[in-house]
> 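Quick one: the structure is below, and I'll ask about it shortly.
Values reported hereafter were calculated over all heavy atoms of this structure, with side chains retained and with hydrogens, waters and symmetry mates removed. What you see is a predicted model, and the numbers here were worked out from it, not measured in a lab. Order of the sequence lines sets the chain letters (A, B, ...), proteins ahead of strands, with each chain counted from 1.
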Protein chains: 2
Amino acid sequence: MVSPVRRLSVVLTVEEVAVTDLPETLTDRTAFLLQLALGRAQAMGEEVLVEVGISGREYGLLAVIAHLAPCSQITAARTLGIDRTTTVALVGGLEARGLLRRTPDPANRRANLVSLTDEGEQVRARAAEALAACDDRFLDPLDAPDRERLRALLGRLVAGGDPHTG
Amino acid sequence: MVSPVRRLSVVLTVEEVAVTDLPETLTDRTAFLLQLALGRAQAMGEEVLVEVGISGREYGLLAVIAHLAPCSQITAARTLGIDRTTTVALVGGLEARGLLRRTPDPANRRANLVSLTDEGEQVRARAAEALAACDDRFLDPLDAPDRERLRALLGRLVAGGDPHTG
DNA sequence: TATTGTTATACTCTATAACTATA
DNA sequence: TATAGTTATAGAGTATAACAATA
């Protein structure tokens with residue numbers, strides 16, 4: 001949140017400048033730029049979600065369940081690309097807070113069908129709204145056409161594959 | 001590495017299609033697209049770095065040290081935006097493998113100056129080459145002008161701030 | 001024999017606190 | 001009083017193995 005090093009207008013030591021002194025061997029890497037951008041976007045997202053009372057991962061799960069419900073726990077997990085063992089605690093936490101429910105699947109007695117409660121849907125909608133505003137702030141340096149270009153370029157990079165990238 | 005779910009040309013159950021069935025409430029989020037793109041880019045990067053014998057994090061450190069050397073451990077850490085406690089093991093591991101050296105700073109007896117050994121520089125150069133080829137493959141869906149557009153757009157998003165984004 | 005959900009376990013990465021030696 | 005390096009520790013996130021119930 002607070003950078004331990006700030007640029008000063010009067011005194012600049014070698015170490016104080018160093019923060020912005022990244023080598024081209026890093027800034028030329030697309031992955032490095034993506035990492036910097038994602039770090040910020042995620043930090044902004046988690047910050048606004050605090051008021052809503054959920055995490056970014058939990059929003060992802062609520063969004064997927066709202067889209068696919070009723071679906072099995074494992075379908076939601078695979079769609080997000082997260083492990084089914086991780087999903088247990090994630091779904092359990094949301095269920096304990098009354099945001100989703102697990103109901104036995106009559107057609108497959110191994111599976112739980114997960115779906116949002118009314119409160120869960122309200123929380124999801126509030127989070128979506130907050131995150132949209134957050135995206136606007138994050139994309140502030142770009143005008144509308146450039147935002148669309150960025151989205152299109154990223155979309156082409158991730159298209160056609162599966163989300164299971166570890 | 002291997003997706004647990006594959007699309008079949010003959011039989012498609014609900015669960016098998018679900019993998020690509022992401023809601024717009026997620027795909028509209030820039031952070032989500034960045035996360036998908038970064039996940040792939042990083043997986044590809046770590047894969048090619050296995051042959052070089054270092055991790056992505058270690059490459060970052062080697063690249064920064066090559067750029068700033070000789071610099072203190074903490075300067076390298078801050079430039080990368082990683083904690084100084086994390087840096088201890090990271091630098092220690094690279095030192096143990098003979099890729100960098102720590103020498104006491106005569107001007108500041110608290111500090112270690114870190115710099116690459118000859119072997120460290122060779123490893124860094126080989127990694128940089130492998131990662132450049134990796135970037136080419138990652139950006140394969142885009143032609144040269146589009147790659148430049150993406151780089152420029154990402155650059156504008158991350159410009160002006162510090163890398164300490166958690 | 002494979003799948004769903006679950007627990008237990010371990011491993012990495014990260015974050016905090018505290019200590020030392022310097023400044 | 002603050003900084004550089006270090007250790008210890010605790011917390012997330014993730015991954016593997018194994019189990020029960022079911023298909």
> Counting only heavy atoms and a strict 4.0 angstrom limit, can you tell me which residues of residues 85-93 of chain B come near DNA chain D?
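Correct list: B/T85, B/V88.
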> Look at the side chain of B/R110 against the base of D/dG5 and say whether a donor-acceptor pair falls under 3.5 Å; ignore hydrogens and angles.
no
> To the nearest Å, give me how far apart CZ (A/R78) and C1' (D/dT14) are.
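In whole Å, D/dT14 C1' and A/R78 CZ are 17 Å from each other.
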> I'd like to know if B/R137 and B/D140 make a salt bridge, using a cut-off of under 4.0 Å between side-chain N and carboxylate O.
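A salt bridge is absent here (no side-chain N lies under 4.0 Å from a carboxylate O).
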> With sugar-phosphate meaning primed atoms plus P, OP1 and OP2, does A/R57 contact a base, only sugar-phosphate, or nothing at under 4.0 Å between heavy atoms?
sugar-phosphate
> Answer yes or no: are there more than 12 heavy-atom neighbours, outside B/D143 itself, under 6.0 Å from its atom CG?
yes
> Measure the distance from CD1 on B/I74 to P on C/dA21 and round it to the nearest whole Å.
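About 18 Å, once rounded to whole Å.
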> Run B/T30 and A/R151 through side-chain hydrogen bond (donor to acceptor under 3.5 Å, both in side chains) and show every step you take.
CA-CA 7 Å; B/T30 308; A/R151 189 184 312 281; 4.5 Å; no
> For the pair A/T117 (side chain) and A/L99 (backbone), establish whether a donor and an acceptor sit closer than 3.5 Å, ignoring hydrogens and angles.
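Indeed, once roles are kept as given, a pair shorter than 3.5 Å links the two residues.
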> With side chain to side chain contact (heavy atoms under 4.5 Å, CB included) as the criterion, how do A/T87 and A/R78 come out once you've worked through the C-alpha distance, each side chain's angles and the decisive distance to 0.1 Å?
CA-CA 10 Å; A/T87 313; A/R78 282 179 180 154; over 6 Å; no
> Rounded to the nearest Å, what distance is computed from the CD atom of residue B/E58 to the P atom of nucleotide C/dT12?
12 Å
> Spell out, as yes or no, whether a donor-acceptor pair under 3.5 Å connects the side chain of B/R149 to the backbone of A/R149.
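Not confirmed, B/R149 side chain does not pair with A/R149 backbone.
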> Using the closest heavy atom to pick a nucleotide of DNA chain D for each, name whichever of B/N112 or A/R84 lands nearer the 5' end.
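The residue mapped nearer the 5' terminus is B/N112.
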> To the nearest angstrom, how far is B/L113 atom CG from D/dG5 atom P?
9 Å
> Quick check against the 3.5 Å criterion: does A/R29 have a side-chain atom that pairs as donor or acceptor with the backbone of B/L131?
yes
> Got a second to check how far B/L154's CG is from A/Q35's CD, nearest 0.5 Å?
12.5 Å
> Salt-bridged, A/E58 to A/R97, with N to O below 4.0 Å?
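Answer for the salt bridge query: yes.
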> What is the distance from CD of A/Q42 to P of D/dG13, rounded to the nearest Å?
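Those two atoms, CD and P, are 11 Å apart.
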> Starting at CG of A/D83 and ending at C1' of C/dT7, how long is that distance when rounded to a whole Å?
13 Å
> Is there side-chain contact between B/T25 and A/H67, with at least one heavy-atom pair below 4.5 Å?
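Contact flag for B/T25/A/H67 side chains = no.
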> Above 12 or not: heavy atoms from other molecules or residues under 6.0 Å from CD of B/E129?
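Open: at most 12 neighbouring heavy atoms sit under 6.0 Å from CD of B/E129.
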> Shorter than 3.5 Å, N or O on both sides, protein versus nucleotides 9-12 of chain D: list them out with atom names.
none

> At a heavy-atom distance below 4.0 Å, what parts of residues 101-109 of chain B sit against DNA chain C?
B/N108, B/R109
